[in-house]
Amino acid sequence: MAQKPSIPKGTRDFNPEQVAKRNYIFNTIRGAFETFGFQPIETPSFENSDTLMGKYGDEGDRLIFKILNSGDYLNKANTDAYEEKDSNKLTPSISEKALRYDLTVPFARYVVQHQNDIEFPFKRYQIQPVWRADRPQKGRFREFYQCDADVVGSKSLWQEVEFIQLYDTVFSKLQLEGVTIKINNRKILSGIAEVIGASNKLIDFTVALDKLDKIGEDKVKEEMLSKGIAQEGIDKLQPLFSLSGSFDSQIESLKTILSTSNEGLKGIEELAFIDNAITALGLKTATLQLDVTLARGLNYYTGAIFEVAAPKGVKMGSIGGGGRYDDLTGIFGLKDVSGVGISFGLDRIYLVLEELNLFPEAVNKNIEVLFINFGDNEALFSLKAINKLRANGINAELYPDAAKMKKQMMHANKRNIPFVVLVGEEEINSNTYTLKNMVTGTQDKIELEQLIETVKK
RNA sequence: GUGGUUGUAGCUCAGUUGGUUAGAGCGCCUGAUUGUGGUUCAGGAGGUCGUCGGUUCGAGACCGAUCUUCCACCCCA
């Protein structure tokens with residue numbers, strides 16, 4: 001009757017080694033967040049559907065996991081929608097809750113709900129799992145962790161500057177050198193759309209533009225044309241496709257292209273400010289790159305847009321993203337609270353570190369000393385010593401059963417425990433301990449203090 | 001949501017045009033060795049071939065459905 005157990009597609013179990021590695025990343029990110037002055041909050045795994053639906057676009061709505069109502073949900077279902085087999089119409093009547101899709105929208109909800117208790121500007125960080133009903137593929141899961149840091153209540157561009165430094169700090173600490181922090185600005189994208197007369201098709205326009213390095217110039221033009229953007233408008237984009245070179249020179253070219261758009265010029269000004277600051281401050285290992293084709297999260301970003309690409313040669317989608325949203329809390333009724341934030345994709349960073357072999361050896365907090373169990377008298381004597389080792393910060397344990405010695409040694413070996421201590425009748429009588437080094441295979445009969453010293457090294 | 005791909009022992013994989021009791025390496029268990037693991041030697045256990053159904057005298061192999069894996073698209077961390 002035993003059924004073969006399994007877990008849902010796109011989810012994973014983590015063994016002790018994997019958890020240790022994940023914690024290493026979590027701790028690095030958390031440490032950086034805290035030194036930058038962010039404070040932690042947590043929100044529920046699931047929210048009311050109204051809070052999430054409609055915030056991520058149609059595509060986003062499709063990817064939100066809906067939770068079926070409890071009880072006799074069909075009884076209260078929208079019968080018309082049921083008859084018509086209209087899932088979108090039926091869903092709200094049978095599902096009132098949904099799993100968190102990201103950490104930004106729940107944060108906006110949090111800010112609005114607790115606005116009277118929050119001292120602005122409010123810098124919060126949040127490290128929790130999110131869920132998406134996506135088809136899994138490389139670096140894409142249905143359950144994964146996001147590590148977000150956001151500031152609300154300040155329009156200062158110094159925040160953008162700090163976030164770029166935060167990215168640089170975290171990836172440098174993780175020894176992940178050579179990441180590219182791409183930056184763009186929604187205002188520039190709006191400006192370009194305005195210049196080519198496609199203001200009302202901003203999303204279609206940017207989605208197509210975003211694919212430039214993937215499908216090439218011709219295909220991008222094709223897609224724009226098919227979305228109803230006029231040929232003469234597309235012709236005006238020509239200088240954009242050949243845009244290259246340093247941050248500065250791209251800025252200069254953009255000034256020409258966007259000379260007739262006030263909004264576009266504003267975007268350029270913002271980017272120039274950020275770039276000047278970063279140039280003056282310097283980055284440790286990351287590179288800041290202006291990428292006008294970068295178009296993410298347009299359903300709520302209004303200013304800067306960030307995306308972090310793994311070092312060259314690593315095939316992986318973005319390992320971080322973020323941006324400024326001037327009115328995210330507006331949809332929940334709180335106006336004029338500007339926010340800006342970034343996110344780290346833990347699971348993808350993990351894959352990248354694994355691929356590049358960048359996890360430190362020491363992440364695995366293993367037991368260091370195993371005491372062989374020879375019987376109750378010896379066990380009691382051993383535990384007294386173990387208590388002293390533990391008090392000295394040494395991870396030590398006693399094998400629980402007085403099993404065959406071979407079995408106990410084998411256990412130590414399989415767990416990669418570096419030291420084994422043998423305490424039998426002989427040792428008890430002379431108040432000594434036989435310490436065996438499992439790597440070299442050598443062993444010595446020594447006193448407890450000496451044992452502690454040896455293991456500590 | 002669209003297209004493709006994968007599934008055989010705990011793990012990595014073989015398995016000829018459908019033909020008897022489905023194999024290997026590694027791992028696991030027992031012993032050589034009752035206070036010594038990692039090496040060696042001897043022996044041993046372990047599979048309803050993802051699941052359900054169909055074709056056939058006969059299916060691990062062929063067909064269908066379904067689940068799962070990985071990949072691309074859409075979108076995204």
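Since the structure is predicted, the reported quantities are computational estimates derived from the model, not experimental observations. Just so we're on the same page: letters track the sequence lines, and every chain starts at 1.
One N or O donor and one acceptor, one from the side chain of A:Arg348 and one from the base of B:C76, sit under 3.5 Å apart. Judged by atom type and distance alone, A:Glu427 reaches the base of B:G35 through a side-chain donor-acceptor pair under 3.5 Å. Counting distance only, with no hydrogens placed and no angle test, the side-chain atoms of A:Lys9 and the base atoms of B:U68 include no donor-acceptor pair under 3.5 Å. For A:Lys414 and B:G38, a side-chain-to-base donor-acceptor distance below 3.5 Å is absent, hydrogens and geometry of angles not being considered. Residue side chain A:Asn413 reaches the base of B:G37 through a donor-acceptor N/O pair under 3.5 Å, judged by distance alone. Side-chain N/O atoms of A:Gln408 and base N/O atoms of B:U36 include no donor-acceptor pair closer than 3.5 Å. A donor N or O paired with an acceptor N or O is not found under 3.5 Å between the base of B:G37 and the side-chain atoms of A:Arg415. In terms of polar N and O atoms assigned as donor or acceptor, the side chain of A:Arg140 comes within less than 3.5 Å of the base of B:C75 in a complementary pairing.
Across the protein-nucleic acid pair, A:Asp210 atom CG and B:C75 atom P stand 8 Å apart, rounded to whole Å. The CZ-P distance, from A:Arg22 to B:A77, rounds to 17 Å in whole Å.
Taking the 5.5 Å centre cut-off and the 30° plane limit, the aromatic side chain of A:Tyr145 is not classed as stacked on B:A77.
Across all strands, A:Val439 comes closer than 4.0 Å to base atoms (heavy-atom distances). Backbone-only contact: A:Gly320 has heavy atoms under 4.0 Å from sugar-phosphate atoms and none from a base.
A:Asn69 contributes a side-chain N or O that, together with a main-chain N or O of A:Glu96, makes up a donor-acceptor pair within less than 3.5 Å. Without hydrogens or angle criteria, A:Asn373 side chain to A:Leu398 main chain gives no donor-acceptor distance under 3.5 Å.
Straight-line distance between the C1' atoms of B:C73 and B:U12: roughly 31 Å, to the nearest whole Å. With both ends at atom P, the span from B:U55 to B:G60 equals 16 Å, rounded to whole Å. Comparing B:A77 with B:U68, their P atoms sit 24 Å apart, to the nearest whole Å.
Checking A:Gln126 against A:Asp148 by side-chain atom types alone, no donor-acceptor pair falls below 3.5 Å. With 3.5 Å as the limit, one finds no donor-acceptor pair spanning the side chains of A:Thr180 and A:Thr287.
Taking a pair to require two hydrogen-bonding distances under 3.5 Å in either a Watson-Crick or a G-U wobble arrangement, B:A42 pairs with B:U30. Pairing for B:A72 is with B:U2, a Watson-Crick or G-U wobble pair whose two hydrogen-bonding atom distances lie under 3.5 Å. With a cut-off of 3.5 Å on both pairing distances, the Watson-Crick or G-U wobble partner of B:G53 is B:C63. Nucleotide B:A24 is matched to B:U12 when pairs are restricted to Watson-Crick or G-U wobble geometry with both distances under 3.5 angstrom.
Salt bridge status for A:Glu47 with A:Arg109: present, with a side-chain N to carboxylate O gap under 4.0 Å.
Along RNA chain B, the nucleotide nearest to A:Gly10 and the one nearest to A:Asp134 differ in position, and the one closer to the 5' end is contacted by A:Gly10.
Of the residues in residues 46-62 of chain A, A:Glu59, A:Arg62 come within less than 4.0 Å of RNA chain B through at least one heavy atom, sorted by number.
For the pair A:Arg124 and A:Phe38, the cation does not sit on the ring face, since its NZ or CZ is not both under 6.0 Å from the ring centre and inside 45° of the axis. Taking the ring axis of A:Tyr301 as reference, the NZ or CZ atom of A:Arg324 does not stay both within 45° of it and closer than 6.0 Å to the ring centre.
Between A:Gln137 and B:C70, a side-chain N or O to OP1/OP2 separation shorter than 4.0 Å is absent.
Ring geometry for A:Phe306 versus A:Tyr167: interplanar angle over 60°, hence perpendicular rather than tilted (30 to 60°).
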